[in-house]
There are 2 protein chains.
Amino acid sequence: MSESARPTLSDVAARAGVSASTASLAFSGSGPVSDATKERVLAAATELGYAGPDPRARSLRRGRSGIVGVVLEQRVRTAFLDPVKIQMLDGITEGIAPLGAGLLLLTDVGAVDLPVVDTTGGVAAAPALSVENAPVDAVVLIGCSPRLSQTVAALRRRGIPTVAIEGAAGSDIPEISIDNRDATRRGAQHLRDLGHTDAAIVTLPLDPARTRGPLTAALEAGSTSDTASERLRGAREVFPNATGRSAAASSIEEGLEAGRVLLADPATRPTAIIAQSDLLAAGVLQAAEELGVAVPAEVSVLGFDGIRVDGLQHDLTTLVQPSVAKGRAAGEAVVRMLADDGGEPPASRCFTSVLHVGETTAPPRAH
Amino acid sequence: MSESARPTLSDVAARAGVSASTASLAFSGSGPVSDATKERVLAAATELGYAGPDPRARSLRRGRSGIVGVVLEQRVRTAFLDPVKIQMLDGITEGIAPLGAGLLLLTDVGAVDLPVVDTTGGVAAAPALSVENAPVDAVVLIGCSPRLSQTVAALRRRGIPTVAIEGAAGSDIPEISIDNRDATRRGAQHLRDLGHTDAAIVTLPLDPARTRGPLTAALEAGSTSDTASERLRGAREVFPNATGRSAAASSIEEGLEAGRVLLADPATRPTAIIAQSDLLAAGVLQAAEELGVAVPAEVSVLGFDGIRVDGLQHDLTTLVQPSVAKGRAAGEAVVRMLADDGGEPPASRCFTSVLHVGETTAPPRAH
DNA sequence: ATCCGTTCTCGAATCGATTCGAGGTCGATG
DNA sequence: CATCGACCTCGAATCGATTCGAGAACGGAT
């Protein structure tokens, strides 16, 4: 046992002259162990270079791994480029703090086991870590994706407590969301109150393919993104006939792209643009600047999220959503679901966004 | 066994009329099992709603968890706000792809077990997940921190393969770094070649306390950040007497703060500012704009990293470092260390940065 | 009919710790 | 002096799967 291999708890116990069970108690602290014994065990551990109980064995026995999974819709990189997601992640971290758990990043691209032959010729037989087989105590789903239902099914089968942020996952899964529709409606109403009648919309990706292009009826009908759809509906409540563009991602670049198209022709140019995220709005602002279109004199721009886009000189009119609070709520829901008494699952929560009127909206220029 | 509890592999085996070992083989695929048997097992699994082998048990037996830990120096949020870190994370993801492993986020704030009393009155006895006890197969350290040596000691004791990005962790730990010193020297030389003699420096955090303020000798001497120190040395090779400010973080806000101070007084204003990150540089640019100091006419600004600061209108002169490649290299090193043959540890690698001359540097204005 | 080799299946040991009830020691009390 | 607790410590079972060597069944060859 004490070859060159790493020492185990039994080794430590043997060295300290106690049983493995006692050594375990000495370590976990949860149990009546005399100080003398405890010290002896700890001393033996030090002498042997014992690094503490193996987390794998511990988690098998305890049934808990101390890990909370976070499922992102896309590549890790993509998620990290979106300030809103980052804020939510941070909120989750706060929310699960009482658990002392770690965050495991997972994507929901499905468990495709890669038949990889590594450079040394060995074959990695292990299937990729996914929501199907990750050693997590609970999972937070961020955003909805085409694979959402499969992901949820797998989690349900495994009996893993799950919370969803922005994405209807099923009745038994608490959902943390915001008033996407009503908030957008209020933002749109603000524009209408200013006198705008001709607004265009720049949406978040609507379909799994993340189609970039004009906002067609077909695209809208086939939307798989609740968030985008709801915000779109809210805008339509005020501007029923608004057209626009669908972006391939929530990014400044995509906003720039859409803005260029929408603002290109002075004749058909809308007097207001409703962007479904601040990043998109920032892109639109850049496009306006590029094209020499004055904001807000010639075109008003409305964002969504309320992130501070660093380096952006404008004070954007936007719908400020409590991203961190959402993440925290999700984390707290996880904590509650993991509580010993295992009470009833926490209720879904819907947060409220606040319209922040900045300097990017104004009455349309009189003709 | 088949109460309301989740079914185990034995349950499935029993239902299929085979032994547990056979069922295991049927699942893992690694072993001679007749097709008929395999199908029967799979069918039984479906009927029972078996979700696949428990990852906890599997990892105990196999000795691998399929998780790679990433240790960040600070709060998760802080790390995610830095594009360089994100790019590295993304690179790591790419690098470890052949492993099919997940990424576990850890911070190196030490294993303070929180005596938390949860809302239901129960006490969360479990110590927080940390580098001391996380079920990881390998770890990537990002950036150096005051606790680096302790972190490394714990990992060494546990026998966990470790790779460090930007931070000398010890001779047996492969390090992925860049030519911080020489790159900065080249950047500074570019300024000197343009005719600058009076340059100021805005450094990354130097000490554990992340002191913000003037760049004092004491601060420099007590630096615990290799990266900051090396870049500082590089700058000093060209501008030996350069003074400057030390920032509390790599962020636009901190750069703005430092820039305001450095550019405030026209009499003492330097003609060039060497910022140790692009975010800091972006902040300096904002400060210049605020104060009506023309860039590059009145002051030249040099950055470091080569990230594209979204929304930044300037084409920043900067040292472009291959962040993604660094991450990928770290990931690949991990893969190699985890290879079955367990060959010798991969060598450290030092990448090279490239000076990108943008529009924020020019000859100093003639008096 | 016997023997041999294949091909599949099984039993038992193992991974390393945790947990619970049983048992043992020792001091204090009646 | 015997008895009752209090306080520790220990043994054994358990968590759920993987793995390895042994054994069984079966077909073919001699």
Side-chain angles (χ1 to χ4, degrees), chain A residues 1-3 5-41 44-45 48 50-66 125-127 132-133 135 137 158-159 340, chain B residues 1-3 5-41 44-45 48 50-66 125-127 132-133 135 137 158-159 340:
Chain A
M1 263 306 146
S2 47
E3 273 301 324
R6 216 142 292 286
T8 72
L9 188 54
S10 316
D11 297 332
V12 173
R15 187 135 165 68
V18 300
S19 73
S21 33
T22 301
S24 174
L25 293 183
F27 264 96
S28 63
S30 61
V33 180
S34 72
D35 289 342
T37 307
K38 185 180 295 189
E39 263 178 47
R40 208 139 34 84
V41 172
L48 257 44
Y50 180 64
D54 183 324
R56 286 179 286 254
R58 176 203 289 260
S59 74
L60 169 58
R61 183 64 238 241
R62 296 239 246 231
R64 287 278 175 89
S65 66
E132 311 260 1
N133 61 8
D137 294 341
R158 293 184 58 192
D340 294 334
Chain B
M1 263 306 148
S2 47
E3 273 301 323
R6 215 143 291 287
T8 71
L9 187 55
S10 316
D11 297 332
V12 173
R15 187 134 166 65
V18 300
S19 73
S21 33
T22 302
S24 174
L25 293 183
F27 265 97
S28 64
S30 61
V33 180
S34 71
D35 289 340
T37 306
K38 184 180 295 189
E39 263 178 48
R40 207 140 35 84
V41 172
L48 258 43
Y50 179 65
D54 183 324
R56 286 179 286 253
R58 177 201 288 259
S59 74
L60 169 58
R61 185 63 239 245
R62 295 240 246 232
R64 286 278 175 89
S65 65
E132 310 260 2
N133 59 9
D137 294 341
R158 292 184 58 192
D340 294 333

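Chain letters run A, B, ... following the sequence lines, proteins first and then strands; every chain starts at 1.
- As rounded to whole Å, 13 Å separates atom C1' of C/dG16 from atom CZ of B/Arg158.
- A/Arg158 and B/Arg6 make their closest contact through O-CD, 3.3 Å (heavy atoms, listed as atom of the first residue, atom of the second, distance).
- Judged by distance alone, with hydrogens and angles left aside, the side-chain atoms of B/Ser65 form a donor-acceptor pair with the main-chain N or O of B/Pro135 at under 3.5 Å.
- An OP1 or OP2 oxygen of C/dG16 is reached within less than 4.0 angstrom by no side-chain nitrogen or oxygen of A/Thr8.
- Between B/Gly63 and B/Asp137, the shortest heavy-atom contact is O-OD1, 4.4 Å.
- Using a 4.0 Å heavy-atom cutoff across all strands shown, B/Ser34 reaches sugar-phosphate atoms only and no base atom.
- Separating the CG atom of B/Asp35 from the C1' atom of C/dT9 is a distance of 15 Å, rounded to the nearest angstrom.
- Between A/Thr22 and D/dT9 there is no side-chain N or O to OP1 or OP2 distance below 4.0 Å.
- Going from atom CG of B/Leu60 over to atom P of C/dT18 covers 12 Å, rounded to whole Å.
- Between the CZ atom of A/Arg40 and the C1' atom of D/dT9 there is a distance of 11 Å, given to the nearest Å.
- Not a single donor-acceptor pair, N or O on each side, falls under 3.5 Å between the base of D/dT18 and the side chain of B/Arg62.
- Distances were taken from every side-chain heavy atom of A/Ser19 (C-beta onward) to each of D/dC10, D/dA17, C/dG16; the shortest belongs to D/dC10.
- A residue-by-residue look at A/Ala20 and B/Pro32 shows that B/Pro32 has its nearest nucleotide of DNA chain C further toward the 5' end.
- Within the 3.5 Å criterion, the main-chain N or O of B/Val33 finds no donor-acceptor partner in the side chain of B/Thr37.
- B/Arg61 has its CZ atom 16 Å from the P atom of C/dA12, to the nearest Å.
- For B/Val12 against B/Ala44, the heavy-atom pair with the smallest separation is O-CB, 3.8 Å.
- Here the C1' atom of nucleotide C/dC10 and the CG atom of B/Leu25 are 10 Å apart, to the nearest Å.
- The nearest whole Å value for the distance from the CZ atom in B/Arg56 to the C1' atom in D/dT14 is 14 Å.
- Place A/Ser24 and B/Ala57 on DNA chain C by their nearest nucleotides, and B/Ala57 ends up nearer the 5' end.
- Residue contacts shown for A/Ser59 are absent, as no nucleic acid heavy atom lies under 4.0 Å away.
- With distances taken from any side-chain atom of B/Pro53 to the nucleotides C/dC8, D/dA17, D/dT9, the minimum falls on D/dA17.
- Nearest heavy atom pair, residue B/Leu9 against residue B/Ala23, reads CD1-CB, 3.8 Å.
- Contact annotation: A/Tyr50 reaches the phosphate of C/dA17 (side-chain N/O to OP1 or OP2, under 4.0 Å).
- Helix bend of the helix from C/dA1-D/dT30 to C/dG30-D/dC1: the angle between its two end axes, each built from five pairs, comes to 60° after rounding to 10°.
- Between B/Arg64 atom CZ and D/dT19 atom P the separation is 12 Å, expressed in whole Å.
- Looking at B/Ser21, its side chain comes within 3.5 Å of the base of C/dG11 through a donor and an acceptor atom.
- Heavy atoms only, all atoms of each residue included: A/Tyr50 and A/Pro7 are closest at CD1-O, 3.4 Å.
- Between B/Ala16 and B/Val41, the closest heavy-atom pair is CB-CA, 3.9 Å.
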